[in-house]
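For reference, the structure is listed below as structure tokens.
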Amino acid sequence: CSNSLSTGEGLNMASAATSHRASAVQTRQSTSTSLLLHLSSVVLALVAILHVFLCPFTKVEESFSLQASHDLLFHGVFSLEEYDHHLFPGVVPRSFIGPAVVSAFSTPVVALSNATGIFNEAGQEPTRHYAQLVVRSTLALLVVYALNDFQRSAAAMFGTPEAAAAGFLTAVQFHLPFYMSRTLPNTFALVLVLFGMSAWLRGNMQTMIWTLVPAVVIFRSELVLLLGAICLSCLVYKRLTFVQMIKTGFLVGLLSLAGTILFDSWFWQRWLWPEGVVLYYNTVLNKSKNWGVLPFWWYFYSAIPKALSASLLLVPAGLVFDSRIRALVAPPMLFVLIYSFLPHKELRFILYVFPVLNLAAGVGCMRLWRWKPKSPSFARQFVQLAVMGVFVATAATTILYTTASYHNYPGGEALAKLHAFYADSPCQAISVHIAVPPAQTGVSLFGQSTSGRFTYSKAEEWSDDVSPTTFDVMLTGPNGAESYPDRSELFSVDGFDGISVAKQWPFISMRTSPHIMALGKSGAGPLFCHQTS
């Protein structure tokens with residue numbers, strides 16, 4: 001009996017030790033995969049901010065929200081007469097809620113920068129360009145934070161390695177990281193959509209409605225199609241009842257509508273629902289087609305392949321290996337299909353579907369990576385090599401796109417170059433006219449001098465009080481010299497024209513040509529102070 005007892009105790013102790021070792025291994029594996037998920041978010045944040053510094057300027061589509069962020073930061077909420085949108089309201093009004101949130105998060109860093117002057121460089125014209133970088137970086141980090149929440153929900157459903165793979169695939173792509181810092185209504189909406197889809201994955205339908213409905217009412221009305229597709233899926237799979245959907249949706253919609261009307265009416269100084277005006281403009285008046293029309297299937301054969309690049313090759317694997325991915329991808333694809341009926345199309349209009357497609361690619365990536373064929377033995381190595389090739393090919397296209405974008409903001413570069421051009425000039429009053437081409441390709445209030453030496457005008461029509469003779473310098477398009485033959489060229493800035501294929505390494509080159517010209521009065525240089533009449 002004594003021997004039997006000793007043997008039994010020994011077996012129990014051995015079993016306990018084995019169980020403990022197995023538990024420790026699982027804990028280490030869980031910790032390592034969790035760290036991998038967080039590492040993917042860190043890498044993505046660094047890539048998004050790198051895009052901010054490589055391409056610090058913005059295009060006309062981002063102009064309203066960027067100028068609004070400037071005015072909120074430097075004029076507060078009461079000096080509305082100083083706000084840019086009163087002079088340049090744009091084709092349709094936009095909400096101030098997105099810029100207000102980003103500006104609120106940016107304020108501590110901008111205030112610290114102003115107090116310490118750490119961005120003021122001796123011998124250079126003082127501007128607020130640093131604040132533009134802060135604003136855009138803040139927005140990028142908000143998107144990354146929301147995407148991390150989505151990935152953590154995805155990890156709970158599909159596995160942490162799959163979610164981490166989706167994060168790394170996103171990081172090596174161009175379009176989503178690039179747009180994360182762009183002050184567009186689509187980007188503001190993306191933050192809410194990511195939180196909403198995260199709640200959808202967790203099965204929290206109430207939270208999903210509470211985040212997606214404000215995105216529809218405040219930022220992008222077409223997201224009602226995505227919300228409808230997701231709700232239809234929830235009804236089919238009985239994760240949500242029709243009564244719950246209507247009751248919660250109506251309440252949140254009413255609160256969101258009241259919030260945007262009250263908030264935005266203050267800044268526009270009239271009763272206004274900005275996104276309602278946009279909805280009327282695009283659907284009832286159907287004027288969005290004035291900005292270009294593309295074929296019905298353009299999102300499917302051009303926008304999505306361009307955005308995902310080689311990562312798209314992994315999506316079918318995810319769809320085949322996991323039926324849950326098919327259920328997850330179906331609503332966003334239905335959204336894209338219905339939205340394709342609108343003739344005017346842009347890639348940024350469907351940003352919201354890329355995280356879901358990247359998750360499908362991440363699932364496909366890991367399932368292929370773990371694949372263990374019976375024969376031949378080299379098949380697994382071949383498949384893993386192909387998966388790594390997808391990452392490399394996607395990163396290569398990102399480098400190409402980034403290089404092109406680097407040359408795509410000549411207006412912002414021209415304004416910075418103008419300030420440097422007059423850095424050593426004794427002139428204390430330099431008037432500058434900014435024509436439409438530079439205004440659409442990077443010029444913003446953040447880039448203007450704060451020294452008081454420069455005055456700027458974006459007047460689009462000449463009058464008795466405002467004419468070409470009024471200005472010392474004119475920033476114009478490439479044909480400026482022909483329009484103003486009495487002026488001399490101070491300098492020009494090249495812009496992106498296209499990509500050429502060469503016979504020698506690196507086989508690809510960027511075509512550029514002068515896009516922006518700075519014209520001064522004949523015979524004038526930086527040391528010549530003009531006397532305007």
Determine whether a donor-acceptor pair (N or O, by modelled atom type, separation under 3.5 Å) exists between the side chain of K345 and the backbone of S340.
yes
May I ask you to decide if W200's main-chain N or O and R239's side chain share a donor-acceptor pair within less than 3.5 Å?
yes
Strictly distance-based, threshold 3.5 Å: is any side-chain N or O of H86 a donor or acceptor partner for the main-chain N or O of L80?
yes
Rounded to the nearest 0.5 Å, what separation is found between the CG atom of N186 and the CG atom of L351?
6.0 Å
For the residue pair P355 and L176, establish whether any side-chain heavy-atom pair is separated by less than 4.5 Å.
yes
What distance do L223 atom CG and F349 atom CZ have between them, rounded to the nearest 0.5 Å?
11.5 Å
Return the orientation label for the H70 and F74 ring planes: parallel under 30°, perpendicular over 60°, tilted otherwise.
tilted
Donor-acceptor contact present, side-chain S137 to main-chain V134, <3.5 Å
no
Donor-acceptor under 3.5 Å (W298 side chain, H344 main chain)
no
Rounded distance (nearest 0.5 Å) linking atom OG of S65 with atom CZ of R136:
12.5 Å
Indicate yes or no for a side-chain donor-acceptor contact from T211 to the backbone of M208 under 3.5 Å, with no hydrogens or angles considered.
yes
Aromatic ring pairing F341/F296, orientation class (parallel under 30°, perpendicular over 60°, tilted between):
perpendicular
Would you say the side chain of F188 lies within less than 4.5 Å of the side chain of R220, judging by non-hydrogen atoms?
no
Spacing of S256 atom OG and W210 atom CH2 [to the nearest 0.5 Å]:
7.5 Å
Could you label the plane-to-plane angle of the F335 and Y339 rings as parallel, tilted or perpendicular, counting under 30° as parallel and over 60° as perpendicular?
parallel
Is a side-chain donor or acceptor of T160 paired with a backbone partner of A155 at a separation under 3.5 angstrom?
no
When you measure from the side chain of T394 to the backbone of V390, do you find a donor-acceptor pair of N or O atoms at a distance under 3.5 Å?
yes
Measuring only between side-chain heavy atoms, which start at C-beta, is W268 closer than 4.5 Å to F263?
no
Distance (rounded to the nearest 0.5 Å) between L226 CG and Y352 OH:
9.0 Å
Any T58 side-chain heavy atom under 4.5 Å of Q132 side chain:
yes
Please check: side-chain N/O of T187 versus main-chain N/O of T183, any donor-acceptor pairing under 3.5 Å?
no
Quick one: CG on L272 to CZ on R94, what's the gap to the nearest 0.5 Å?
11.5 Å
Given 3.5 Å as the limit, does a donor-acceptor pair link the side chain of Q384 with the main chain of W369, or not?
yes
Out of D149, T170, N148, which one pairs with S41 under the side chain to side chain donor-acceptor pair (under 3.5 Å) rule?
N148
